[in-house]
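Before any comments, here is the structure.
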Amino acid sequence: MSDWLNDFEKQGWAELRDFITPEAALGIRTEIEEIQIQNGFKPASIGKHEQKVVDSSQRGDFISWIDSQTAPIRTRSYLDKMEELKSELNRHFYLGIRDYECHYAHYPPGTFYKKHVDRHRNGSPRRVSTVLYLNPHWEPTDGGELVIYNADQSSFRIEPRLGTLAIFLSELEHEVLVTGRDRMSITGWMLNEIIL
Ligand code: OGA
Ligand code: MN
């Protein structure tokens, strides 16, 4: 079993550095910039269905959902990799993952996402969260780390470096610290239901 699978089994999360090559990651970043110009990103909301609200005191990112049918080529190769990852998770942990949904995310300087869980209590199909980071030359002084909390409130930080994938159980508490620079990613969720 590979190292990250061991980490994931023990801790419920893992950091995979160089999950994709710098070229592939920069390619996706270019695709994002193109989409930002053409369609714009919208402020992300919190809550579910009719209770959805934009609240920048909780989260300040801007997002654009990815449609696998129309996604540009570099993004599509990433989706193919996530398909493999989905099979690997099911093979090792019997998670019953059936689908994957994801969006591009942009955190402008000064934004953050306060501590939360991705799996809403009343029947969320989200089992595993994934974040692919697309930021070249990230420095510790740039902030913007993902902090994942264990049940005892001990925590681990992941820097949003180019090509790193963070993967964690969607029920674990986590937050995004204030970023000092534009912070780009693809955030996604492995689901135990098929979305239409
Ligand atoms: C989210 C989230 C983490 C990150 O979008 O739900 O927690 O590192 N993102 O961007
Ligand atoms: Mn989250």
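As the structure lists them, so they are numbered: ligands from 1, and atoms in each ligand from 1.
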TODO: May I ask you to list the atoms of ligand 1 that are less than 4.0 angstrom from any heavy atom of R59?
DONE: 5 (O)

Task: Between F8 and F93, ring centroids under 6.0 Å - done: yes

Task: Closest to atom 1 (C) of ligand 1 (judged by heavy-atom distance), picking from F168, Y113, F112 - done: Y113

Task: Contact atoms of ligand 1, heavy-atom distance to D118 under 4.0 Å - done: 6 (O)

Task: D61 N/O under 3.5 Å from ligand 1 N/O - done: no

Task: Distance filter under 4.0 Å to Y133 heavy atoms, resulting ligand 1 atoms - done: 4 (C), 8 (O)

Open item on the list: What is the name of the N/O/S atom of D118 that is nearest to the Mn ion (ligand 2)?
Closed with: OD1

Task: R183 to Y107 six-membered ring, cation-pi geometry met (6.0 Å, 45°) - done: yes

- [ ] Check each heavy atom of E175 against ligand 1 and say whether those closer than 4.0 Å belong to the side chain, the backbone, both or neither.
- [x] neither

Open item on the list: Tell me if the NZ atom of K52 is crowded by more than 12 foreign heavy atoms within 6.0 Å.
Closed with: no

TODO: Please find out if less than 6.0 Å separates the ring center of Y149 from that of H174.
DONE: no

Task: Under-4.0 Å salt bridge between R126 and E101 - done: yes

- [ ] Just need the protein heavy atom nearest to atom 10 (O) of ligand 1, so name the residue and atom and give the distance.
- [x] R183 NH1, 2.9 Å

Task: Nearest-neighbour protein heavy atom for atom 5 (O) of ligand 1, which is reported as residue plus atom name and distance - done: T187 CG2, 3.6 Å

TODO: Considering heavy atoms of the protein only, find what lies nearest to atom 3 (C) of ligand 1 and give residue, atom and distance to 0.1 Å.
DONE: V176 CG2, 3.5 Å

Open item on the list: Is there a polar contact between ligand 1 and H174, counting only N or O atoms under 3.5 Å apart?
Closed with: yes

TODO: Spell out, yes or no, whether L89 and F19 are grouped together once hydrophobic residues are joined by side-chain heavy atoms under 4.5 Å, including indirect joins.
DONE: yes

- [ ] Following the transitive rule for hydrophobic clusters with a side-chain heavy-atom cut-off under 4.5 Å over Ile, Leu, Val, Met, Phe, Trp and Tyr, establish whether I63 and L146 coincide in one cluster.
- [x] no

- [ ] Write the atom name of the N, O or S atom in H174 that is nearest the Mn ion (ligand 2).
- [x] NE2

Open item on the list: Between K114 and E175, does any NZ, NE, NH1 or NH2 come within less than 4.0 Å of an OD or OE carboxylate oxygen?
Closed with: no

